[in-house]
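Notes for the one structure printed next.
Side chains are part of it too, since the values below use all heavy atoms of this structure and drop only hydrogens, waters and symmetry mates.
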Amino acid sequence: MAGKYKTKQQSAIVDCLKANGKNYVTVVEIERYLKDRGCSVGVTTIYRHLEQMEQAGMVARINVEKQQAACYQYIAEDDNNNCFYIECEKCGQVTRMECSHLLELYNHVNADHHFSINPKKTVFYGKCEKCSR
């Protein structure tokens with residue numbers, strides 16, 4: 001959102017996302033975070049700001065199977081495109097991963113199959129270490 005006017009609401013939403021680090025949050029959790037800090041922002045406004053931030057590449061939107069609503073995560077400016085998400089099918093934990101080996105797959109699919117994968121929306125399903133025991 002570089003070059004665009006930043007409102008107090010946008011800054012508060014970014015603060016919430018940054019405070020959650022590599023964890024994802026729902027709009028309900030963002031609304032609660034803002035309310036707890038005395039910043040009254042409607043759900044519609046939060047969705048609008050998140051959509052703008054997603055288009056600007058500041059936010060990743062992921063759909064988590066065990067969550068009814070979409071989840072959001074802040075993307076730092078220095079994040080690269082070697083990321084993807086893994087979701088445990090048992091406990092529902094979603095983790096953002098970075099692995100340069102996936103770049104080989106993305107490049108192969110693009111070059112040989114003429115399809116460009118969006119790594120920030122790629123989710124692999126399986127079992128986490130804790131649930132595999």
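Looking at Q55, its side chain never comes within 3.5 Å of a backbone N or O of Q52 through a donor-acceptor pair. The backbone N or O of L103 lies less than 3.5 Å from a partner atom in the side chain of N107, making a donor-acceptor pair.
Here the OH atom belonging to Y72 is positioned 14.0 Å from the CE atom belonging to M58, to the nearest 0.5 angstrom. If you take CG on L17 and NE2 on H49, they are separated by 12.0 Å, rounding to the nearest 0.5 Å. Atom CD of Q10 and atom CZ of R48 lie 8.5 Å apart (nearest 0.5 Å). Rounded to the nearest 0.5 angstrom, I117 CD1 and L105 CG are separated by 5.0 Å. Atom OG1 in T122 sits 7.0 Å away from atom CG in L102 (nearest 0.5 Å). Note: N118 CG to F84 CZ = 14.0 Å, rounded to the nearest 0.5 Å.
Scanning both residues, Y125 and E87, for their nearest heavy atoms gives CE2-OE1, 3.2 Å. Here the closest non-hydrogen pair linking Y33 and A12 is CE2-O, 4.1 Å. For the pair E29 and V25, the tightest heavy-atom approach, listed with the atom from each and the gap, is OE1-CA, 3.1 Å. Pairing each heavy atom of R61 with each of A70, the nearest pair is NE-CB, 3.5 Å. Closest of all the heavy-atom pairs between V94 and Y24 is CB-CE2, 3.3 Å. When all heavy atoms of T26 and C71 are compared, the pair lying nearest together is CG2-SG, 4.0 Å.
V28 and V43 are members of different hydrophobic clusters when ILVMFWY side chains are connected at heavy-atom separations under 4.5 Å.
Take H113 and apply the side-chain hydrogen bond (donor to acceptor under 3.5 Å, both in side chains) test, not counting sequence neighbours, and it matches H108. Taking K18 as the reference, V14, Y74 meet the side chain to side chain contact (heavy atoms under 4.5 Å, CB included) condition, with sequence neighbours excluded. A search for side chain to side chain contact (heavy atoms under 4.5 Å, CB included) contacts involving C128 returns C88, C91, K130, C131, not counting sequence neighbours. Every residue two or more places apart in sequence or in another chain that forms a side-chain hydrogen bond (donor to acceptor under 3.5 Å, both in side chains) with Q73 is listed here: Y85. With sequence neighbours excluded, no residue forms a side chain to side chain contact (heavy atoms under 4.5 Å, CB included) with H114. When the side-chain hydrogen bond (donor to acceptor under 3.5 Å, both in side chains) test is applied to E54, the partners found at least two apart in sequence or on another chain are K121.
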Verdict with supporting geometry, L50 and I30, side chain to side chain contact (heavy atoms under 4.5 Å, CB included): CA-CA 10 Å; L50 288 170; I30 293 170; 3.9 Å; yes
